[in-house]
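Just so it is clear, the values below take in all heavy atoms, side chains as well, and ignore hydrogens, waters and symmetry mates. As the structure is a prediction and not an experimental result, all values here were calculated from the model.
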Amino acid sequence: TPQYAASGTLSEEGDVPRDRVGRARLVSNATKDPIVRGALAHPDVTRLDDVNRDVLKVLATPGKGWWALFSLASLGLVVFFTSWGWQLYRGIGVTGLNAPVGWGVYITTFVFWVGIAHSGTLISAILFLFRAPWRQAIYRAAEAMTVFAVMTAGLFPLIHVGRLWHAYWLIPYPNSRFLWPNFKSPLVWDVFAITTYFTVSATFFYLGTIPDIAAARDRATGLRKKLYRVISMGWRGTDQQWHHFGKAYIFLAALATPLVLSVHSVVSWDFAVSIVPGWHTTIFAPYFVAGAIYSGVAMVITLVVPIRKVFGLEAYLTTKHFDAMAKLCLLTSMIVGYAYMSEFFMAWYSGEEIERTAFWNRLFGTYWWATWIMLTCNMFVPIMLWFKRVRYSIPALFVISIFVNIGMWFERYVIVVTSLHHEYEPFAWGIYRPSLTEMGILLGSFCWFSFWFLLFTRLLPPIAIQELKEVLPPPMRKQKEAHS
C-alpha cells in the first residue's frame with residue numbers, strides 16, 4: 001500500500017513522517033520495496049520538488065572547475081580562428097592537401113561531427129516514439145550535443161573550400177547570369193543535409209526546453225529572469241499549452257526520425273557515388289548510420305559522466321542509464337565490426353586486383369597505424385561491454401567511450417586518406433601529411449564544441465525536469481490502518 005516515506009521525523013502519533021520544517025513528505029512506498037525499487041529508473045528520487053531543486057542548482061554561479069574548462073575552450077578557439085585566418089591569408093596551400101589527396105583532415109572531421117550529431121536525434125526522437133523509460137535523464141544533453149555538433153560540422157565545408165567569400169556559390173539562388181551549383185557535387189548535398197538537420201534539431205531541442213525554462217524562470221532573478229521570460233514564450237503549464245506541446249513534440253519527433261537515416265546516408269554517398277577503390281560500395285549508407293549512432297552514444301557518455309560527478313546528479317543519471325547506453329554501444333559496435341569484415345571480404349571475393357590492393361594497403365601500407373587504431377578502438381575495446389561489471393562501472397565506460405571516439409575519427413581518416421592516396425595509376429600515388437594549420441583547426445573544433453556545451457550547462461537545465469517527473473512514482477498519502 002502506498003504510504004509516506006520513511007525519511008523525516010515522525011510525529012508523536014507515529015503515523016505522519018515530516019521533514020525538518022514540519023511538512024509531510026509524500027512518496028510512494030514502492031521505493032522501499034527492493035523488487036519494485038529495482039524496476040524504477042530513479043529509485044533514490046523521492047519527491048517531485050527535489051527534481052526542480054537538484055537540476056536547477058546546476059544553473060547557479062559556476063565554480064573554478066567550470067571556469068578552468070571554459071578558459072581552455074576559449075584558448076582553443078583562439079587557436080582555431082588563428083589557424084583558419086592564416087589559411088585564408090596564405091591560401092589552401094598551407095595545408096597538407098595535394099594532388100591525389102584532395103580530402104584530408106577537414107572532410108574527416110566533418111563526417112566525424114555529423115556522426116556525433118546523430119545520437120541526439122536517436123535518443124530524443126526515436127526512443128521517445130518507442131517510449132524507452134531511460135531516455136528522460138539523458139536526452140537533453142544528447143540534444144544539445146546534436147545542435148552543437150552540427151554547428152561544428154557546418155564549419156568544415158566552409159573551411160575546406162578555401163575561399164570563404166565564395167562559399168555562397170554552394171547555395172542555389174536566383175542570379176542574373178542563370179548560374180546554378182552543380183547538384184551532382186557532394187559539397188552541395190552536404191549543404192542541404194546540414195541545413196535541414198540543423199533546422200529540425202534546433203527546433204526540436206528548443207521546443208523540449210520550454211517547460212524547463214519556465215521552471216528556471218520562476219526561480220531566477222535579475223537579467224537571467226528576463227531572459228528566461230522571453231525564451232519561455234509565456235509558458236504557464238496550462239492544460240491547453242500541454243496539449244499543443246505534446247502534439248508539436250510528437251510531430252517533430254516523427255519528422256526528425258527519418259533524418260537519422262537520411263542525413264548520414266547523404267554524407268556516405270559523398271564517397272559511394274565515386275569509383276575510388278574502397279569507396280564504391282552499397283554498404284556505406286547503413287555502415288555510416290550505424291557508425292554515427294555508435295560514436296554519438298559514446299560522446300553522450302563522455303559528456304554525461306562529468307556532468308553527473310561535478311553537479312551531484314547521481315540520483316538522476318544512474319548506472320541503469322549508463323548500462324542502457326553501453327548496450328547500445330555494444331550493438332552498434334558489432335554492426336560496425338560486421339561492416340569492416342564485409343568490406344574486406346568483398347574486396348577479396350570480388351577478384352578485382354585494384355580493390356584487393358586498396359584494402360591490403362589499408363592494413364599493411366603507409367597508413368597501417370591508422371587502420372589498426374580504428375580496429376582496436378572500434379572492435380576490440382568494446383568487447384569489454386559484454387561484462388555487466390564493466391557496464392556498471394562509470395570510470396570504465398568513460399575510458400571506453402573516449403577510445404570509441406578516437407577510433408571513429410580514425411575510421412573516417414582511413415576511409416578518406418587511404419583510398420585517395422593509393423588509387424589506380426602508380427604515378428598518381430602520393431603521401432598526405434596534415435600540416436600544423438590543419439591540426440590547429442582540428443583541435444579548435446573540439447574547443448568550439450566544448451565552448452557551446454559549457455555555456456549550455458550554465459544557461460539551460462541539462463536534465464529534462466518535466467519528463468523526468470513522468471517516470472517517478474506518484475506521491476500518495478498513507479491510509480491509516482483500520483485495525484491498529
Side-chain angles (χ1 to χ4, degrees), residues 75-114 151-171 179 181-191 193-194 267 270-271 273-279 358 361-362 365-371 373-374 406 409-449 451:
L75 181 61
L77 285 182
V78 174
V79 175
F80 175 77
F81 285 107
T82 301
S83 300
W84 192 5
W86 176 251
Q87 177 179 301
L88 291 173
Y89 175 70
R90 297 290 296 178
I92 202 72
V94 299
T95 67
L97 300 175
N98 50 49
V101 186
W103 291 1
V105 165
Y106 295 156
I107 299 301
T108 298
T109 313
F110 164 76
V111 179
F112 172 80
W113 283 114
V114 172
M151 289 170 54
T152 308
L155 294 174
F156 280 92
L158 304 178
I159 298 172
H160 177 72
V161 296
R163 294 181 291 178
L164 178 63
W165 49 95
H166 292 317
Y168 68 94
W169 288 358
L170 296 172
I171 303 173
L179 297 178
N182 180 12
F183 288 100
K184 296 181 181 180
S185 169
L187 276 177
V188 178
W189 302 352
D190 293 338
V191 169
I194 291 298
V267 174
D270 291 354
F271 306 93
V273 296
S274 71
I275 59 172
V276 175
W279 288 7
N361 182 61
R362 283 189 182 183
T366 305
Y367 298 98
W368 63 269
W369 50 274
T371 303
I373 290 176
M374 173 192 78
I406 294 173
W409 189 89
F410 273 100
E411 176 199 288
R412 280 62 179 247
Y413 185 83
V414 167
I415 291 174
V416 172
V417 176
T418 62
S419 296
L420 287 175
H421 98 101
H422 195 282
E423 289 192 54
Y424 296 98
E425 301 296 339
F427 73 85
W429 294 349
I431 301 298
Y432 166 73
R433 295 183 178 89
S435 67
L436 289 178
T437 301
E438 292 174 280
M439 299 310 295
I441 291 177
L442 170 62
L443 174 64
S445 70
F446 285 90
C447 295
W448 166 269
F449 173 84
F451 177 86

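Among residue pairs with one or both ends in residues 99-114, those qualifying as side-chain hydrogen bond (donor to acceptor under 3.5 Å, both in side chains) are Q87-Y106, T109-W409, W113-S445; sequence neighbours excluded.
With sequence neighbours excluded, the residues that form a side-chain hydrogen bond (donor to acceptor under 3.5 Å, both in side chains) with Y432 are E438. Not a single side-chain hydrogen bond (donor to acceptor under 3.5 Å, both in side chains) links D270 to another residue, sequence neighbours left out. Every side-chain hydrogen bond (donor to acceptor under 3.5 Å, both in side chains) that R362 has, sequence neighbours left out, goes to T418, S419. With sequence neighbours left out, the side-chain contact (heavy atoms from CB on, under 4.5 Å) criterion links T366 to H421, I431. For the side-chain hydrogen bond (donor to acceptor under 3.5 Å, both in side chains) test, no residue two or more places apart in sequence or in another chain qualifies with H160.
Between F81 and W448, the ring planes are perpendicular. Angles over 60° get that label, and only those under 30° would be called parallel. Ring geometry, Y367 versus W369: the interplanar angle falls from 30° to 60°, so the pair is classed tilted.
Closest approach of L88 and G162 over heavy atoms only: CD2-O, 3.3 Å. Of all heavy-atom pairs between C447 and G76, the closest is SG-CA, 3.4 Å.
The shortest side-chain heavy-atom distance between P100 and L420 does not fall under the 4.5 Å cut-off. Using a 4.5 Å heavy-atom threshold, the side chains of V114 and F156 count as separate.
One distance of note links CD1 of I159 with CD1 of I441; it measures 5.0 Å at 0.5 Å rounding.
Counting non-hydrogen atoms of other residues, nucleotides and ligands closer than 6.0 Å to CG of L436 gives a total of 12 or fewer.
In terms of modelled atom types and a separation under 3.5 Å, the side chain of W279 and the main chain of I415 share a donor-acceptor contact.
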